[in-house]
Amino acid sequence: MPGPDPDLSRRAFVRSAVAVGGAGALAACTSREEGADVPQADLDPGELPDRQHAWNEFLDRDDHGNVRPPEHHLLLGLEYVGDGPDDAEREQLEDAFTTLERAYGRGNDGLAFTVGYGPAYFDRFDDDLPGDLELPEPEPLVPIEDPDLDAHDALLHLASDHGRVVLSAEEALAGELEEINDVSVEGTFEKVLEVTDRRTGFVGEGLPAENQAGIRGIPDTEPVPDDAPFFMGFKSGFERNQASEDRVTISAGPFEGGTTTHLSKIDLSLHQWYEQDSRDQRVAKLFCPAHADENRVEDAGHNLGDSSGVEDCIEDVEADARNGLVGHAQKAGRAREDGDPIILRRDVNSTDGDRAGVHFLSHQRSIADFVATREAMTGSDLTDGAIDSRFNNGILQYLRVRRRANYLVPPRRHRALPLPVPE
Ligand code: HEM
């Protein structure tokens, strides 16, 4: 595979190295990434929270208190190739995970990761998951979609501000490194888990603009604004528009402290978005019509503080539909419970296959919470009147869901090859 083009800007170079992967990309990335060495973890792995998804207390915040997600993401689909699962393999994987936790502190400047297991993994056991814990096979969720349904045994999500950190974690797990950040590699995935699918993503102010050239789905005029963290040009993931980590945590049973992951791969087609829609139309379709009428959103939305403000227009959704246009966040906001969203979005931009897209990753207590939110976003109930099922119905016309997957993310204590009913 060709290495990254050395003429790219530093951040875009690091981004393309993460996309390429392997020892060559790690070496190129390490020599190109500037700044101080990445520190080793200052917490012993035993002191980390039992929740794998407890990232927020370790992540940076912006001036408004919004979590700033790590910039580089690696999503590895894994197949179980061992002879068990048995305790020796569990120990091997646990050693692999604690090696990463010793090498890097959880956070932007280190490494954040979660491992989850899909229905295909649990199918091999005679026992079922505990009665009240449902992990459905992924399925198409919208009448107009026909996604491929992933059947990986497991998903490893690795995230860091440093490309070389996610790449070195990947290499260490594959058994290609003896040391990682001066910590000896005590366990690997070898002969237990094999990477069968590799996706990469990125998020953060400026990164989409730096990575838009030559990408299918984005006009050649390279319209993505410099201050946008996402390809559609606006900020997302405001503190008050996210479920809390508590809300998405399984609260009882053997998997207490765990969560679920829904992962979809969504293609974006942004020609009309940037070439025909006005800025007001983009604001109305992504947030809500009132936001456009009242000029509430400046630039990428950094003026909004810690809330998109859609709570003010969720109730207007039917009236707005009768007037011909509803907003994405306005519709999705209808899935709130007690005034708060029920899914925690950790989605990132994708240029895998040189096509603009989103790896939409969210955590929720149950997959049913995702399905309910997605139904609210689809808004089939709103399309009898003036809006069509796709056009002027939020951002549906610009998205095409290509793949879907569901995973159970156990608490740390059961993260290595869990039994359906762990001891
Ligand atoms: C793929 C392209 C997508 C883009 C560019 C996008 C963008 C946005 C933006 C800009 C907001 C408003 C800012 C915020 O609340 O953080 C938002 C809100 C939201 N979106 Fe999306 N989104 C996408 C897909 C999805 C999907 C697939 C879902 C899942 C059902 C979803 C669920 C939500 C929810 C729950 C909210 C918050 C609503 C509330 O405030 O209660 N989004 N999105």
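Counting convention: from 1, in listed order, for ligands and their atoms alike. In this chain, numbering begins with 1 at the start of the sequence shown.
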Can you tell me how far the [atom1] atom of [X] sits from the [atom2] atom of [Y], to the nearest 0.5 Å?
X      : Y      : atom1 : atom2 : result
Leu344 : His363 : CG    : NE2   : 6.5 Å
Ile343 : Ile367 : CD1   : CD1   : 10.5 Å
Leu396 : Arg390 : CG    : CZ    : 8.0 Å

Nearest-neighbour protein heavy atom for [atom], which is reported as residue plus atom name and distance:
atom                    : answer
atom 15 (O) of ligand 1 : Asn241 CB, 3.0 Å
atom 5 (C) of ligand 1  : Met232 SD, 3.5 Å
atom 10 (C) of ligand 1 : Lys235 O, 3.4 Å
atom 25 (C) of ligand 1 : Phe360 CE1, 3.3 Å
atom 2 (C) of ligand 1  : Leu399 CD2, 3.8 Å

For [X], counting its heavy atoms only, list the atoms of ligand 1 lying under 4.0 Å from any of them.
X      : result
Gly333 : 38 (C), 39 (C), 41 (O)
Gly237 : 14 (C), 16 (O)
Val310 : 40 (O)
Arg336 : 39 (C), 40 (O), 41 (O)
Ile266 : 1 (C)
Thr373 : 30 (C), 35 (C)

Fill in: Pair Arg247-Asp340, salt bridge (charged side-chain N to carboxylate O under 4.0 Å, His left out): steps then yes or no
CA-CA 9 Å; Arg247 176 62 182 82; Asp340 291 315; over 6 Å; no
Discussion item. Does Trp55 form a ring-ring contact (aromatic ring centres under 6.0 Å, His included) with His157? I'd like the steps, not just the answer.
Written reply: CA-CA 12 Å; Trp55 290 15; His157 177 195; 5.1 Å; yes
Discussion item. Applying a heavy-atom cut-off of 4.0 Å, say which part of Phe238 lies close to ligand 1: side chain, backbone, both or neither.
Written reply: both
Worksheet item: Any idea which part of Phe231 is under 4.0 Å from ligand 1, heavy-atom wise: side chain, backbone, both or neither?
Response: neither
Practice prompt. Can you check the number of protein N/O/S atoms within less than 2.8 Å of atom 21 (Fe) of ligand 1?
Written response: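 With waters ignored, the protein N/O/S count below 2.8 Å is 1.
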Fill in: Among Leu286, Asp340, Leu270, closest by any non-hydrogen atom to atom 7 (C) of ligand 1
Leu286
Practice prompt. For the pair Asp352 and Arg199, find out whether any cationic side-chain nitrogen is under 4.0 Å from an anionic carboxylate oxygen.
Written response: no
Worksheet entry | Asp306/Arg240 salt bridge by N-O under 4.0 Å criterion | yes
Practice prompt. Kindly write out the residues that satisfy side chain to side chain contact (heavy atoms under 4.5 Å, CB included) with Pro219, not counting sequence neighbours, or none if the list is empty.
Written response: Thr221, Pro223, His271, Tyr274, Glu275
Practice prompt. Only counting residues at least two apart or in another chain, list the ones meeting ring-ring contact (aromatic ring centres under 6.0 Å, His included) with Tyr117.
Written response: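 ring-ring contact (aromatic ring centres under 6.0 Å, His included) check on Tyr117 returns Tyr121.
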Practice prompt. Could you check whether the rings of Trp273 and Phe234 sit parallel, tilted or perpendicular, using 30° and 60° as the cut-offs?
Written response: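 Judged by the thresholds at 30° and 60°, the geometry between Trp273 and Phe234 is perpendicular.
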Worksheet item: Within a reach of under 6.0 Å around CD of Glu137, are more than 12 heavy atoms found that belong to other residues, nucleotides or ligands?
Response: yes
Worksheet item: When you look at Lys265 and Asp197, which way does the salt bridge (charged side-chain N to carboxylate O under 4.0 Å, His left out) test go after all the steps?
Response: CA-CA 12 Å; Lys265 166 82 178 70; Asp197 184 30; over 6 Å; no
Exercise answer: donor-acceptor pairs, residues 96-105 side-chain atoms, under 3.5 Å, sequence neighbours excluded:
residue: Thr98; atom: OG1; partner: Glu94; partner atom: O; Å: 2.8
residue: Thr98; atom: OG1; partner: Asp95; partner atom: O; Å: 3.3
residue: Thr99; atom: OG1; partner: Asp95; partner atom: O; Å: 2.7
residue: Thr99; atom: OG1; partner: Glu186; partner atom: N; Å: 3.1
residue: Glu101; atom: OE1; partner: Arg412; partner atom: NH2; Å: 2.9
residue: Glu101; atom: OE1; partner: Arg415; partner atom: NH2; Å: 3.1
residue: Glu101; atom: OE2; partner: Arg412; partner atom: NE; Å: 3.1
residue: Glu101; atom: OE2; partner: Arg415; partner atom: NH1; Å: 2.7
residue: Tyr104; atom: OH; partner: Ser168; partner atom: OG; Å: 2.8

